[in-house]
Amino acid sequence: MEETIKWLGVTEEEIRRMDEETEQMIIRIRETNEKLLREEGEIAQLQVETRNLIAQMKERQRDQATV
């Protein structure tokens, strides 16, 4: 490993720091993905509710047109 480190021109401390930064990025990516999944679920629910409201409005219009 030390040979690799020398060849790359980085210290073990720099490698540890990069590893920690990479782990933090992975954590943030996972959190962002989870947030996006929640938001997609909320959007899907709102779409269903919107379609139901539109269907109800159309039904009321048909009922009023027949009166």
Side-chain angles (χ1 to χ4, degrees):
M1 171 113 167
E2 273 187 46
E3 290 177 16
T4 304
I5 293 170
K6 288 178 185 175
W7 181 75
L8 292 173
V10 292
T11 65
E12 287 185 42
E13 181 59 32
E14 289 172 317
I15 289 175
R16 274 194 284 277
R17 190 186 78 248
M18 287 188 282
D19 190 46
E20 289 173 13
E21 289 172 357
T22 301
E23 287 297 320
Q24 289 301 313
M25 281 191 287
I26 291 169
I27 289 169
R28 287 193 302 272
I29 289 168
R30 285 185 181 140
E31 290 171 347
T32 301
N33 284 340
E34 290 170 2
K35 180 181 176 190
L36 289 172
L37 287 173
R38 281 192 308 273
E39 289 174 352
E40 286 175 357
E42 291 172 9
I43 290 169
Q45 181 60 37
L46 289 171
Q47 288 173 330
V48 167
E49 291 173 16
T50 301
R51 282 193 289 274
N52 288 338
L53 288 171
I54 291 170
Q56 289 173 4
M57 290 169 52
K58 286 181 179 179
E59 183 68 27
R60 286 184 192 141
Q61 285 178 340
R62 278 191 292 261
D63 291 345
Q64 290 176 355
T66 59
V67 173

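- Salt-bridge formation is detected for the pair Arg16/Glu13: a Lys NZ or Arg NE/NH1/NH2 atom is positioned less than 4.0 Å from an Asp or Glu carboxylate oxygen.
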Practice prompt. Kindly indicate, with the supporting measurements, whether the criterion side chain to side chain contact (heavy atoms under 4.5 Å, CB included) is fulfilled by Leu37 and Glu40.
Written response: CA-CA 5 Å; Leu37 287 173; Glu40 286 175 357; 3.8 Å; yes

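- With respect to Arg30 and Glu34, no salt bridge is recorded, no charged nitrogen being found less than 4.0 Å from a carboxylate O.
- The CG atom of Asp19 sits 12.5 Å away from atom CD of Glu12, with the distance rounded to the nearest 0.5 Å.
- The line from CD of Gln45 to OG1 of Thr50 is 9.5 Å long, rounded to the nearest 0.5 Å.
- For the 3.5 Å distance criterion, the side chains of Glu20 and Gln24 fail to qualify, holding no donor opposite an acceptor.
- Counting heavy atoms from C-beta on, the side chains of Glu49 and Leu46 come closer than 4.5 Å.
- Rounding to the nearest 0.5 Å places CG of Leu36 at 11.5 Å from CD1 of Ile29.
- Residues Glu59 and Arg62 are paired through a salt bridge, judged by an N-O separation under 4.0 Å between the basic side chain and the carboxylate.
- Atom CE in Met18 sits 10.5 Å away from atom CE in Met25 (nearest 0.5 Å).
- Looking at Glu14, its side chain does come within 3.5 Å of a backbone N or O of Thr11 through a donor-acceptor pair.
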